[in-house]
Amino acid sequence: MKINSLRPLTGEGRKLFIETYGCQMNAGDSEIVVSIMQQEGYRYTENIDEADIILINTCSIRDNAEQRIWGRLSAMRQLKRRKPSLIVGIIGCMAERLKEQLIEKGTGVDIVAGPDSYRSLPELVRTAEDGTKGINVELSKEETYAEIAPVRLDRNGVSAFIAIMRGCNNYCAYCVVPYTRGIERSRDPQTIVAEARTLFENGYREVTLLGQNVNSYSFGEVGFPELMAMVAEISPLLRVRFATSHPKDISDRLLEVMARYDNICKAIHLPAQSGSNEMLGKMNRKYTREWYLERIAAIRRYMPDCAISTDLIAGFCGETLEDHQQTLSLMKEVGYASAFMFKYSERPGTFSARHFEDDIADDEKTRRLNEIIALQNSLSVVSNEAEIGKVRQVLVEGTSKRSDEQMCGRTSQNKMVIFDRGDHKAGDYITVKITSCSSATLFGEEIFE
Ligand code: 5AD
Ligand code: SF4
């Protein structure tokens, strides 16, 4: 990497556009990247056509995520033909996974930066402007960007994400994340609480604590339950959520803290991945179906009203029809409120790519996935219908997509509710009686107690 030390350390008002794919962690990282670049004088723009620098924050979790980025890169090459000075950078998981491959001849990529090297982006951009490709894909044991105040890009002004940890040590057999995001490290709790307090003082009413595996958060004496309590104590008007948790770490202590605070939302996303012990073992998930169901029972003991959602993978290596049936029966037994559902996608370098054969034909994976999706749709309807007649507190997020006369907001259980505008504004709490539903949304009427 060549660094030209004669140039001033500033972006001199040059305009940065950033495009984000993948998970909420990536959305949070893009906000950190904008913050780092702004400190160097770059200006953020929402208009790609006026950008001097375009960064694409990428995801490698499944092959189709990467294919989409290759498609975007061909669009970038067209933009570059019109504006040869344009700098294009690939950052995030795909940068980490493919490294030099991304700046080979003809891709049009000038910069490659992995998830732990965002502090070096201003340097990398300068290097690229001098005509040399800039690459930094070093992973770190310590980097948490703890003191960097993210520039909020979502702008609903009500709910924000706070990254509390980075990386993952679980090495689920199918998953590329430990390779692209490195080992687990937790951020200093004081910086987390300070960030949440600043958000609250600026009108935000909901924070989601983010990590690949938040409930293994640990910093000195502070574990995840203690951190949740610290953030919940900021104000009863600040809702607290978290994502994502690994079933192995969903402790009674955490459930007890969740139950104790009204402002900790009663929603847990608990990825099961499969209902078959055979598959769970091969996936290296470190729990059995029975153990998982016991944790679900524990959640219901502490919080009868808690919504539970999940992630499921269809067609993992060697999955039999019986294994698949076990997934369907687990779904029914838990009665998930919602789910993210995927076809298994082999990722090079992972344990399952190295040791198991990806032996379920694609159309069979699709068939199983469709069965899972159809079942979940009916479970989502059941879960939503159970809400009808209930009275829920809703945090107003903004105007409904369907009509200016209506607004939308979420219940503690993370269900979206549509209601008449009245004189509400984003950030208000209102009490709503649920009157009807679709599989995705609830409809309600404000009530005055
Ligand atoms: N193929 C399909 N789905 C995957 N996930 C992770 N890796 C893969 C893969 N190789 C899913 C898991 C995880 C979610 C974020 O993505 O369900 O919980
Ligand atoms: Fe991937 Fe498993 Fe870590 Fe989640 S917990 S990021 S699925 S390795």
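All ligand and atom numbering here is 1-based and tracks the order in the structure. The first residue of the sequence shown is numbered 1, and numbering continues consecutively from there.
Side chains of S140 and R119: no donor on one and acceptor on the other come within 3.5 Å.
Shown here are the salt bridge (Lys or Arg N to Asp or Glu O under 4.0 Å) partners of E233, two or more places apart in sequence or in another chain: there are none.
A salt bridge links D29 to R166: one of the charged nitrogens lies within less than 4.0 Å of a carboxylate oxygen. With respect to E195 and R152, a salt bridge is recorded, a charged nitrogen being found less than 4.0 Å from a carboxylate O.
Aromatic pair F242/H269: centroids not less than 6.0 angstrom apart. Aromatic ring centres of Y44 and F17 lie farther apart than the 6.0 Å criterion allows.
Contacts of ligand 1 (protein heavy-atom distance under 4.0 Å) are I61, R62, Y174, Q273, D311, I313, F342, K343, Y344, S345, R347.
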*What's the verdict on ring pair (Phe, Tyr, Trp, His ring centres under 6.0 Å) for F342 and F316, showing C-alpha distance, side-chain angles and the deciding distance?*
CA-CA 10 Å; F342 313 103; F316 187 59; over 10 Å; no
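Figure legend: cation-pi geometry between R295 and Y287 absent, as NZ or CZ is not positioned both under 6.0 Å from the six-membered ring centre and within 45° of its axis.
Counting only protein N, O or S atoms, the number found under 2.8 Å from atom 2 (Fe) of ligand 2 is 1.
Considering only non-hydrogen protein atoms, atom 7 (S) of ligand 2 sits nearest to Y174 OH, 3.5 Å.
Ring planes of F356 and F351: perpendicular class, angle over 60° (limits at 30 and 60°).
Pairs passing the side-chain hydrogen bond (donor to acceptor under 3.5 Å, both in side chains) check and including a residue from residues 98-111, sequence neighbours excluded, read K80-D110.
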